[in-house]
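Taking it in order: structure first as structure tokens, then the write-up.
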There are 2 protein chains.
Amino acid sequence: MTTKEKILETAITLFAERGYNDVSVRDITREVGIKESSLYNHFSSKQKILEAIYEDLIKNFETATVSEEVIARMIEKMTPEEFLTLSAENFDRYLGDPRLIKIWRIISIERFRDERANAFFKKYLIDNALEYQSKVFDIMMKKGLIKAHDPRVVARESYAFMIFIYFRYLEMEKEVDIKEVKQMVLEHMKFLSSALQK
Amino acid sequence: MTTKEKILETAITLFAERGYNDVSVRDITREVGIKESSLYNHFSSKQKILEAIYEDLIKNFETATVSEEVIARMIEKMTPEEFLTLSAENFDRYLGDPRLIKIWRIISIERFRDERANAFFKKYLIDNALEYQSKVFDIMMKKGLIKAHDPRVVARESYAFMIFIYFRYLEMEKEVDIKEVKQMVLEHMKFLSSALQK
DNA sequence: GTCTATAGGAGGATAGAC
DNA sequence: GTCTATCCTCCTATAGAC
């Protein structure tokens with residue numbers, strides 16, 4: 001690992017623990033094993049480190065995003081159970097990536113003082129997901145696979161639970177019991193399935 | 001309003017906007033209209049102001065808490081619809097109290113660096129409410145008023161939505177459209193009612 | 001109870017030698 | 001690319017006059 005990478009990874013760990021403001025350049029360089037002044041050979045300011053972390057996440061999103069077309073074709077073939085299982089699996093993948101969890105935790109902390117972080121969180125972790133799920137439920141209703149409802153209402157019922165889990169376990173617990181969380185998500189999917197059954 | 005009260009109210013407003021760390025004693029005293037040194041005649045440190053705010057909230061909780069017995073008797077008489085309507089009304093009352101919203105927002109921000117704030121939030125805004133709702137649904141199931149389920153699962157389905165609303169609208173928006181939020185809560189209650197109907 | 005003046009410390013950042 | 005030395009700014013808090 002290069003010094004620059006070491007700085008970035010250390011910053012991610014420390015920012016996720018205490019937030020950007022409560023971590024000093026001194027804290028980072030002490031952990032990395034260099035002097036403060038040496039850091040400025042790799043990043044021109046402390047702020048640039050944070051921006052590099054944000055860009056890391058954006059890159060991650062860009063590579064992970066699937067085209068509208070592909071999504072549309074996938075949905076056409078899926079049953080409600082398959083869709084809910086897929087959602088749960090996506091969440092599980094997130095739970096298995098500690099570095100990604102750390103970066104989202106930084107966004108969580110920073111969103112109170114940084115409008116950019118707040119907007120990013122809102123868009124990528126909430127509103128886009130709600131819109132997507134809304135489309136899926138709409139198609140399923142039109143195909144007569146589930147009970148007729150306002151699809152946006154059903155999408156909120158489905159996804160609000162995920163946000164609750166994020167809030168209560170990922171943000172509020174130091175150590176997450178992944179098995180327990182997966183169980184709760186499973187129970188939610190079951191409840192929703194039965195509520196949507198015709 | 002005494003100077004001490006002015007300091008407290010100003011601190012609540014500023015801490016809710018930017019968090020404890022990003023508000024200096026200078027910021028507070030500038031707003032109040034006194035010099036920094038004068039503040040120390042009313043609070044022995046900046047930290048004590050935050051603690052006074054926490055105590056304010058705790059006092060609020062103590063006066064608002066109803067005994068287990070009263071709750072038990074209330075539940076016995078309630079239909080599921082009445083209970084869900086009551087929950088929505090409690091939430092509306094919160095939405096109508098800007099000072100209380102500010103204080104909870106401070107707790108929201110501070111929970112990432114202050115374990116006490118985190119524990120407080122977890123207990124009073126989430127776990128106690130979940131436990132309470134769980135008891136209510138259990139009684140209703142035993143009385144045959146709603147479909148049989150694990151009452152804890154139903155309580156999560158019911159309350160996770162409230163936390164989602166808190167997260168997405170109270171924490172993430174500068175200006176909350178209260179009418180829109182009330183509408184979403186209403187739609188949630190309707191969905192849940194129909195899902196629990198025998 | 002308010003003021004002026006200042007202490008004492010931590011933070012981000014730069015200059016310049018090696 | 002790393003180091004030592006240092007700068008400047010902002011912060012919380014205190015001393016002591018009025």
Side-chain angles (χ1 to χ4, degrees), chain A residues 1-56 102-103 105-107 109-117, chain B residues 1-56 102-103 105-107 109-117:
Chain A
M1 206 165 17
T2 66
T3 303
K4 184 163 184 168
E5 285 166 345
K6 261 191 227 161
I7 293 169
L8 198 66
E9 296 310 311
T10 304
I12 288 173
T13 299
L14 294 180
F15 290 166
E17 279 167 13
R18 312 200 292 274
Y20 177 81
N21 270 334
D22 276 22
V23 174
S24 66
V25 171
R26 283 175 178 61
D27 292 331
I28 298 170
T29 55
R30 193 189 308 122
E31 196 78 15
V32 173
I34 55 171
K35 295 292 168 186
E36 291 136 73
S37 54
S38 300
L39 181 138
Y40 293 91
N41 280 311
H42 305 283
F43 293 94
S44 63
S45 70
K46 187 189 169 192
Q47 184 62 33
K48 291 282 185 201
I49 304 176
L50 186 61
E51 276 161 31
I53 296 171
Y54 287 173
E55 266 157 41
D56 204 300
K102 279 184 202 166
I103 296 182
R105 191 180 166 84
I106 296 171
I107 305 270
I109 301 173
E110 294 313 312
R111 61 176 209 268
F112 291 102
R113 42 163 224 103
D114 177 357
E115 186 45 44
R116 189 181 157 197
Chain B
M1 205 162 22
T2 65
T3 303
K4 184 163 185 169
E5 284 166 347
K6 263 189 226 163
I7 292 170
L8 198 66
E9 297 309 310
T10 304
I12 289 174
T13 299
L14 295 180
F15 290 167
E17 279 168 12
R18 314 200 292 273
Y20 177 82
N21 270 335
D22 276 21
V23 174
S24 66
V25 172
R26 283 199 232 297
D27 293 330
I28 298 169
T29 55
R30 193 188 307 122
E31 196 78 15
V32 173
I34 54 170
K35 294 291 168 188
E36 291 137 72
S37 54
S38 301
L39 182 139
Y40 294 90
N41 279 312
H42 305 283
F43 294 94
S44 64
S45 70
K46 187 189 168 191
Q47 184 61 32
K48 291 280 186 205
I49 304 175
L50 187 60
E51 275 161 32
I53 295 171
Y54 287 174
E55 266 157 42
D56 205 299
K102 280 184 202 166
I103 296 182
R105 190 180 167 83
I106 295 170
I107 306 270
I109 301 174
E110 294 314 310
R111 60 175 211 269
F112 291 102
R113 41 162 224 104
D114 177 358
E115 186 44 43
R116 189 182 157 200

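Chain naming here is simple, since letters A, B, ... match the order of the sequence lines and numbering starts at 1 in each. What you see is a predicted model, and the numbers here were worked out from it, not measured in a lab.
Going from atom OH of Y40(B) over to atom P of dA13(D) covers 4 Å, rounded to whole Å. In this structure, L14(A) places its CG atom 13 Å from P of dG11(C), rounding to the nearest Å. In this structure, NZ of K48(B) is placed 11 Å from P of dA13(D), rounded to the nearest angstrom. Atom P of nucleotide dA13(D) and atom NE2 of H42(B) are separated by 15 Å, given to the nearest angstrom. Note: CZ (F43(A)) to P (dG12(C)) measures 15 Å, nearest angstrom. Between the C1' atom of dC7(D) and the CD atom of E36(A) lies a distance of 13 Å, rounded to the nearest Å. For R26(B) and dT12(D), the CZ to P distance is 7 Å, given to the nearest whole Å. In this structure, D22(A) places its CG atom 11 Å from P of dG12(C), rounding to the nearest Å.
Taking side-chain N and O atoms only, S38(A) has no distance below 4.0 Å to OP1 or OP2 of dG1(D). For dG12(C), the OP1/OP2 oxygens have a side-chain nitrogen or oxygen of K46(A) closer than 4.0 Å.
Side-chain contact between I28(A) and F43(A) is absent, with no heavy-atom pair separated by less than 4.5 Å. Side-chain contact between F15(A) and I109(A) is absent, with no heavy atoms from C-beta onward closer than 4.5 Å.
Between the side chain of D27(A) and the backbone N or O of S24(A) there is at least one donor-acceptor pair closer than 3.5 Å. In terms of modelled atom types and a separation under 3.5 Å, the side chain of K102(B) and the main chain of E9(B) share no donor-acceptor contact. With E110(B) contributing its side chain and Y20(B) its backbone, the two residues share a donor-acceptor pair below 3.5 Å.
Side-chain proximity of I34(A) to the nucleotides dG1(C), dC3(D), dT12(D) is greatest for dC3(D).
Heavy atoms of V23(A) sit under 4.0 angstrom from primed sugar atoms or phosphate atoms, though from no base atom.
Between the side chain of S37(B) and the base of dT4(C), a donor-acceptor pair under 3.5 Å is found. Residue-to-nucleotide contacts include no donor-acceptor pair under 3.5 Å from the side chain of S24(B) to the base of dC11(D).
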